[in-house]
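Values reported hereafter were calculated over all heavy atoms of this structure, with side chains retained and with hydrogens, waters and symmetry mates removed.
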Amino acid sequence: MLNDIVIFGKIKEGDIKTFEKVFRRYYAPLCLYASGITGRKDISEEVVQDVFYNIWKDRETVRILHSVKNYLYGAVRNRSLRYLESLSVREHYLKNLPDDDCIASEPSPQEELEYKELETLVNKTLNQLPERRMQIFKMHRLDGKKYKEIAESLSISVKTVEAEMTKVYKTLRQEIEKYTCHHGY
């Protein structure tokens, strides 16, 4: 564990060689792990690359509490599950579309624009959250931590974590409702 703290300390300081060593050591096993979850080699590679990209991009704020290996596997698991979740939603949506030959499989420019607007709205809303609420949200949704783990890590009660997450979801829901009402959905 001490070695992992030193390794990640170097990465936080911008040591690209240490980052590359970690990447080379874990890339193939993480791809195999992600492939077992997603069932697709191409997606697993994308997932793992995305995890490493985000670690490098956010290296100054990423917190590794246990080991680099555990963090990487947890991040890949979470990202893979999010992929499956989005795939499931997409398949459900496509199954429930009316049968019509004029429906294109690719999103229209209008749909792309609406998606980007909604994504921007969600990110903007999340960035305006109070610091602790945002920290709790990231620990739960991005790091995959359970409420109990978050509570222990931050020395707060599980009820407080639950309350903060409820506030995040309420805020997001309100902003999305405003967006959809404004756009006539």
Side-chain angles (χ1 to χ4, degrees), residues 1-92 112 115-116 118-120 122-127 129 131-156 158 160-162 164-165 168-169 172:
M1 170 129 172
L2 183 59
N3 192 27
D4 283 353
I5 293 170
V6 171
I7 288 170
F8 208 72
K10 288 182 178 183
I11 291 172
K12 280 186 172 207
E13 292 170 3
D15 185 338
I16 190 75
K17 291 193 184 295
T18 301
F19 178 78
E20 287 172 349
K21 285 179 188 175
V22 171
F23 180 86
R24 281 194 297 279
R25 179 175 180 193
Y26 290 106
Y27 182 77
L30 287 170
C31 284
L32 190 60
Y33 178 64
S35 183
I37 297 171
T38 65
R40 293 189 48 191
K41 184 178 188 259
D42 58 331
I43 296 300
S44 68
E45 290 173 350
E46 191 175 312
V47 163
V48 174
Q49 289 169 8
D50 194 39
V51 166
F52 275 105
Y53 167 76
N54 284 315
I55 288 173
W56 183 254
K57 181 179 67 117
D58 300 329
R59 67 187 173 274
E60 293 173 1
T61 57
V62 170
R63 292 182 55 208
I64 294 186
L65 302 174
H66 301 290
S67 72
V68 171
K69 180 180 177 181
N70 288 348
Y71 180 86
L72 290 171
Y73 276 89
V76 167
R77 180 192 69 236
N78 293 337
R79 187 89 28 141
S80 297
L81 292 174
R82 276 199 304 273
Y83 164 77
L84 291 177
E85 187 178 288
S86 68
L87 184 63
S88 172
V89 168
R90 180 183 165 101
E91 285 174 356
H92 176 74
E112 287 285 338
Y115 174 79
K116 289 193 184 315
L118 201 51
E119 183 180 39
T120 301
V122 168
N123 288 332
K124 179 181 169 199
T125 302
L126 290 174
N127 287 331
L129 293 174
E131 187 176 334
R132 183 173 82 164
R133 192 170 300 154
M134 181 62 161
Q135 181 183 17
I136 290 169
F137 176 79
K138 283 182 175 180
M139 290 175 81
H140 180 64
R141 293 299 295 176
L142 303 180
D143 299 340
K145 298 210 176 295
K146 299 193 181 318
Y147 287 0
K148 183 178 179 188
E149 294 173 303
I150 296 168
E152 289 171 358
S153 175
L154 299 177
S155 301
I156 57 177
V158 173
T160 301
V161 174
E162 289 172 359
E164 291 295 327
M165 288 301 293
V168 171
Y169 292 132
L172 284 171

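A distance of 10.0 Å separates CD in Glu46 from OG1 in Thr38, rounded to the nearest 0.5 Å.
Using a 4.0 Å cut-off between charged nitrogen and carboxylate oxygen, Asp143 and Lys145 do not count as a salt-bridge pair.
Annotation for Val47 and Val76: closest pair CG1-O, 3.9 Å, computed over non-hydrogen atoms. Of all heavy-atom pairs spanning Ile37 and Arg77, the tightest one is CD1-CA, 3.9 Å. Considering all non-hydrogen atoms of both residues, Arg79 and Val51 come closest at CB-CG2, 4.2 Å. Nearest heavy-atom pair across Val158 and Lys148 is CG2-CA, 3.9 Å. Smallest separation of non-hydrogen atoms from Met165 and Arg141: CE-CG, 4.4 Å.
For Glu45, the CD atom counts as densely surrounded, since its 6.0 Å shell holds more than 12 non-hydrogen atoms of other residues, nucleotides or ligands. By the neighbour-count criterion of 12 heavy atoms within 6.0 Å, atom OH of Tyr169 is densely surrounded, having more than that number from other residues, nucleotides or ligands. The number of heavy atoms from other shown groups lying within 6.0 Å of NZ (Lys69) does not exceed 12.
A distance-only check finds a donor-acceptor pair linking the side chain of Ser44 to the backbone of Lys41 [under 3.5 Å].
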side-chain contact (heavy atoms from CB on, under 4.5 Å) assessment of Leu154 paired with Met139: CA-CA 10 Å; Leu154 299 177; Met139 290 175 81; 4.0 Å; yes
Can you give each donor-acceptor pair under 3.5 Å made by side-chain atoms of residues 16-28, sequence neighbours left out, with the distance rounded to 0.1 Å?
{"from": "Thr18", "atom 1": "OG1", "to": "Asp15", "atom 2": "OD1", "distance (Å)": "3.4"}
{"from": "Thr18", "atom 1": "OG1", "to": "Asp15", "atom 2": "OD2", "distance (Å)": "2.9"}
{"from": "Tyr27", "atom 1": "OH", "to": "Gln49", "atom 2": "NE2", "distance (Å)": "3.0"}

